[in-house]
Amino acid sequence: MNDLFSGRLKINNVSTKDTEVIQDSLTGLDRYEIFLKKLQKAIDNVGDQRISIIYTDIKHFKYINDTYGYQVGDALLRDFVSEMLAGNDTLICCSRVYSDNFVAANYMSDGITNEQFKELICKMNLERENRFREKYLNSRLQFCTGISVVDKNSRSLDAETVVSNANLARKVAKELEEDCCVMFDHSMMEGIKREVEITSHVPKAIANREFKVYYQPKVATETLELIGAEALIRWQKPDGSFIYPDQFIPFVERSGQIVDVDNYVYREVFRFLAERIAAGKKVVPVSLNVSRVHLNKMDVLEYVKDLFEEYKVPTDLVEFELTESIYLDNTEKALELVNGLHNIGVKVSMDDFGSGYSSLNLLSRLPIDIIKLDRVFLKDDTLQESDKIIISCVVDMAKKLRIVSLCEGVETVEQSNYLKEVGCQIQQGYYFSRPVPQEQFEEIMDREQVGV
Ligand code: C2E
Ligand code: CA
Ligand code: CA
């Protein structure tokens, strides 16, 4: 710590008589309110100095508590604090905001740029991670840090704002796979504004039926017949413009609103299928996407059962897609959902296979019916030799495990022919059809042909 913060030392004391009230009993650090007061005083007197606000939390800390008990968890937190304080002569104040979230304010040395400072914190985090992973036998433990800097240009900001900026950068860091240290910048505020704007409009958008279900055909490789479709959501604003899922799903997942949005999509699809069935028209199975958020509540199974009951749609006409990462993050809950769906006769697929840390082991352990190979394997028009090998191996393995294989993102005839060659049973992609609105999908169903 010493080299890092070798600036001028200035400890701010907030006078109080009762030390018990001002300290966090677990770590002995200042309570957050006291921290804010000290930081505010330092900001007011920042002069030509710079102050770094370092907000850190410990990813997968809960695992330590759950596995080894709270005593070990507490010891880890105290260890973290002693490391943070050891020999640090530029510390202004530090505090545990809650649980495993810590914030520290330090004077920064004159010569170091903000970027270099971030790199140093990153390096320190990595070194600390190695030590802690060994000591606490948890290879996933990770320190995620966000930093904001106060200098004479930003001294009008209050303590709470600069901590909240550092916390925002920390949240960004937490979503990154590797670089677990991020410096706050103002563009992050734009992202937050967009997120708030989107999520605040969702309830009205549901009520106004602004969400539209599009259908993307799935085609049997052997016969090129239409054998199913995936329901994909689109948000059509009253002015006619579209917002695509990637631009709002992550936000509504974070806000928890995805449950309402998905339930809306599911209901629309059930209603559509029931109407076609009642009119004696052709129908094909439609697959629905499941967000990871559903697993926390598990009401999804009951909701789906009620829909089958209400609309009298046969259970082999609806399938569910769970992404590979859902299975990996929460295998037990995912298994519970898959079994629940199987019990009522509904098929389940593993979506986006190959997009993340695919676990081949998982494939054999989970009772899934269909594996959807992610379009990463088809990223180029001309298939790479290495991708060809992976595709054929996965298809082969799926066949042996009696799992149906589907490849998504098929855009060219060459790709489609290769999938046929290796025996991938189902294909989906722009080569056959983009996702289309309900009316257009009905035409495709009535024609029984996909437009190739
Ligand atoms: P996904 O489930 O992997 O869906 C496939 C995505 O690939 C869709 O993007 C689709 O339009 C796109 N796609 C299909 N064929 C091709 C192709 O040949 N080339 C290329 N480049 N792209 C192709 P979309 O509709 O934008 O959806 C993005 C993601 O948003 C979906 O990925 C899914 O994870 C999520 N999503 C969409 N609708 C829903 C929904 O109703 N509920 C939930 N929870 N998630 C949804
Ligand atoms: Ca999907
Ligand atoms: Ca997918």
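Residue numbers start at 1 and run along the sequence shown. Each ligand, and each atom within it, is numbered from 1 in the order the structure gives.
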Are any protein N/O atoms closer than 3.5 Å to the N/O atoms of ligand 1? If there are, list each pair with names and the distance to one decimal place.
| residue | atom | partner | partner atom | Å |
| --- | --- | --- | --- | --- |
| ligand 1 | 2 (O) | Glu230 | OE2 | 3.1 |
| ligand 1 | 2 (O) | Asn289 | OD1 | 3.2 |
| ligand 1 | 2 (O) | Asp351 | OD2 | 3.1 |
| ligand 1 | 3 (O) | Asp352 | OD1 | 3.1 |
| ligand 1 | 7 (O) | Arg375 | NH1 | 2.6 |
| ligand 1 | 15 (N) | Gln216 | NE2 | 2.9 |
| ligand 1 | 18 (O) | Tyr430 | N | 2.8 |
| ligand 1 | 19 (N) | Glu411 | OE2 | 2.5 |
| ligand 1 | 21 (N) | Glu411 | OE2 | 3.2 |
| ligand 1 | 22 (N) | Tyr430 | OH | 3.3 |
| ligand 1 | 25 (O) | Arg234 | NH1 | 2.8 |
| ligand 1 | 25 (O) | Arg234 | NH2 | 3.0 |
| ligand 1 | 38 (N) | Ile233 | N | 3.1 |
| ligand 1 | 42 (N) | Asp262 | OD1 | 2.6 |
| ligand 1 | 44 (N) | Asp262 | OD1 | 3.2 |
| ligand 1 | 44 (N) | Asp262 | OD2 | 3.0 |

Under 3.5 Å, is there a donor-acceptor pair linking the side chains of [X] and [Y]?
{"X": "Asn167", "Y": "Arg170", "answer": "yes"}
{"X": "Asp79", "Y": "Tyr136", "answer": "yes"}
{"X": "Lys372", "Y": "Ser287", "answer": "no"}

>> Could you check whether Arg234 makes a cation-pi contact with Tyr214, meaning its NZ or CZ is under 6.0 Å from the centre of the six-membered ring and within 45° of the ring axis?
In response: yes
>> Would you say that Ile53 contacts Val103 through its side chain, given a criterion of any heavy-atom pair below 4.5 Å between the two side chains?
In response: yes
> Near the Ca ion (ligand 2), which protein N/O/S atoms fall under 3.0 Å?
Replying inline: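 Result, waters dropped: Glu230 OE2, Asn289 OD1, Glu321 OE1, Asp351 OD2.
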>> For Gln216, run the side chain to side chain donor-acceptor pair (under 3.5 Å) check against Glu408, Glu230, Gln428 and tell me which one passes.
In response: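 Considering Glu408, Glu230, Gln428, a side chain to side chain donor-acceptor pair (under 3.5 Å) with Gln216 is found only for Gln428.
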> Counting heavy atoms not belonging to Lys62, are there more than 12 under 6.0 Å from its NZ?
Replying inline: no
> In Å, rounded to the nearest 0.5 Å, how long is the span from CZ of Phe61 to CZ of Phe80?
Replying inline: 11.0 Å
> Can the ring centroids of Tyr418 and Phe377 be said to lie less than 6.0 angstrom from one another?
Replying inline: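 Ring-ring flag for Tyr418/Phe377: false, centres at least 6.0 Å apart.
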